[in-house]
Number of protein chains: 2
Amino acid sequence: MPEQPPPRLDDIDAHLLDLLQHDAGRTLHDLGEHVGLSPSAVQRRIARYRRDGLITGQVAVLDPHRLGPTVLAAVLVTLDRESVEYHRAFAERMRSDRQVQQCYRVAGPWDYVVVLAARSTRDCGRLGDRLFKADGNVRRYETLMVFDTVKTGLALPLPAPEPSR
Amino acid sequence: MPEQPPPRLDDIDAHLLDLLQHDAGRTLHDLGEHVGLSPSAVQRRIARYRRDGLITGQVAVLDPHRLGPTVLAAVLVTLDRESVEYHRAFAERMRSDRQVQQCYRVAGPWDYVVVLAARSTRDCGRLGDRLFKADGNVRRYETLMVFDTVKTGLALPLPAPEPSR
DNA sequence: CTCGGGCATGCAAGATTATTGCGTCTCAGC
DNA sequence: GCTGAGACGCAATAATCTTGCATGCCCGAG
């Protein structure tokens with residue numbers, strides 16, 4: 001039973017997590033002022049989030065275009081045969097490629113949505129060939145080149161403070 | 001001239017940035033050991049990345065399913081009329097909604113790819129209605145419910161160490 | 001070839017921040 | 001009303017970050 005019940009979160013937890021998922025660089029003192037707790041109480045809560053696996057990591061977000069020429073693309077993919085083994089192999093390939101930023105298995109006619117990061121349109125094309133054409137089991141894929149990133153992030157909506165209790 | 005030329009990055013910069021975009025919680029000492037620098041040198045480089053806008057932020061990553069029931073979806077959207085003003089309004093709506101995790105404007109028959117986070121399939125449906133149906137200018141949208149997150153993150157591929165120079 | 005400025009580094013204070021022990025408080029269960 | 005678990009604040013301690021300073025390297029000017 002790898003799935004544990006989600007730990008209960010009070011309003012302060014929600015507030016804290018929301019602050020952290022937008023800026024994890026703040027001090028415990030600063031966080032404490034926003035949520036109305038002492039630094040040590042904040043620290044203990046955050047330690048608990050980590051223990052519970054609620055916070056899985058802490059990452060620096062880079063600006064793609066400051067890093068040099070960068071091209072993003074969303075790719076829709078449909079596999080040929082539906083065997084579990086083929087899906088596993090495909091997923092593993094996605095996970096292990098550094099240019100694959102995100103990969104979701106989805107419902108509907110498409111099997112996967114993949115977000116790629118490349119250094120040029122040309123590079124992006126080659127990457128698609130390598131990831132999807134070379135794989136004998138991809139029936140079809142469609143590349144949606146990204147013109148513009150309107151919004152990015154991994155932030156999740158947190159339950160609003162409950163009026164009751 | 002808002003676009004400045006990307007600052008030059010040596011191999012140590014690439015290594016450091018790569019470490020940081022996977023785990024921004026390490027100490028300067030720890031980072032220094034990996035790249036072969038003292039903590040203070042590491043600190044100064046990181047400060048420079050921030051100044052240059054290369055590192056735009058530092059965020060905590062939450063586990064969607066530990067947070068409670070969570071449903072993700074990728075939505076493909078095509079606007080009705082192509083006026084600049086309509087696009088601006090749509091983009092602004094995406095940016096300001098907490099349940100919109102990511103939004104890309106793309107090439108091809110679809111105008112946008114949007115990633116949503118909701119608390120249930122039902123909630124996701126309502127969210128789609130609110131974001132896209134209520135907007136009189138959305139011609140058509142297609143919701144790809146996410147079964148499984150194969151890979152997630154915002155990490156970008158960094159230039160491999162150049163042998164020359 | 002030599003000199004000098006710019007820049008990055010390491011080291012060592014000094015300042016800030018994180019962690020932990022301890023006593024207190026609240027609340028649920030008995 | 002009692003008891004134990006859990007969360008809190010405070011304060012001391014530990015760890016980490018920040019900064020001043022002297023040194024070394026690279027490169028262009030003279």
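Naming convention: chains lettered A, B, ... in sequence-line order (proteins, then strands); numbering from 1 in each chain.
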Compute whether any side-chain donor of one residue and acceptor of the other, for A/Tyr49 and A/Asp13, lie under 3.5 angstrom apart.
yes
From CG of B/Asp30 across to C1' of C/dA18 the rounded distance in Å is 17 Å
Please report the distance, rounded to the nearest Å, between CD1 in A/Ile46 and P in C/dA18.
9 Å
Using only heavy-atom distances, decide whether a donor-acceptor pair under 3.5 angstrom links the side-chain of A/Ser40 to the base of D/dC10.
yes
Let me know which of B/Leu144, B/Thr149, B/Val150 forms a side-chain contact (heavy atoms from CB on, under 4.5 Å) with A/Tyr104.
B/Thr149
Ranking C/dT9, C/dA18, D/dC17 by distance to the side chain of B/Leu28, first place goes to D/dC17
Touch check for A/Ser38, heavy atoms < 4.0 angstrom, all strands: base, sugar-phosphate only, or nothing?
base
Are A/Leu156 and A/Leu154 connected in a single hydrophobic cluster, I mean Ile/Leu/Val/Met/Phe/Trp/Tyr linked by side-chain heavy atoms less than 4.5 Å apart?
no
N/O donor-acceptor pair, side chain A/Arg48 with base D/dG6, under 3.5 angstrom
no
How many Å lie between CD on B/Gln58 and C1' on C/dT17, as a whole number?
14 Å
Nearest whole angstrom, please: distance from the P of D/dC17 to the CZ of B/Arg26.
12 Å
Which whole-number value in Å describes the distance from A/Arg44 CZ to D/dA11 C1'?
12 Å
Please give, in whole Å, the distance from C/dA18 P to A/Leu20 CG?
11 Å
Rounded to whole angstrom units, what separation is found between the NE2 atom of A/His29 and the P atom of C/dA15?
18 Å
A/His29, NE2 atom: more than 12 neighbouring heavy atoms under 6.0 Å:
no
OP1 or OP2 of C/dT19 sitting under 4.0 Å from any side-chain N/O of A/Gln43?
yes
Report the distance from atom CZ of B/Arg45 to atom P of D/dT18, rounded to the nearest whole Å.
17 Å
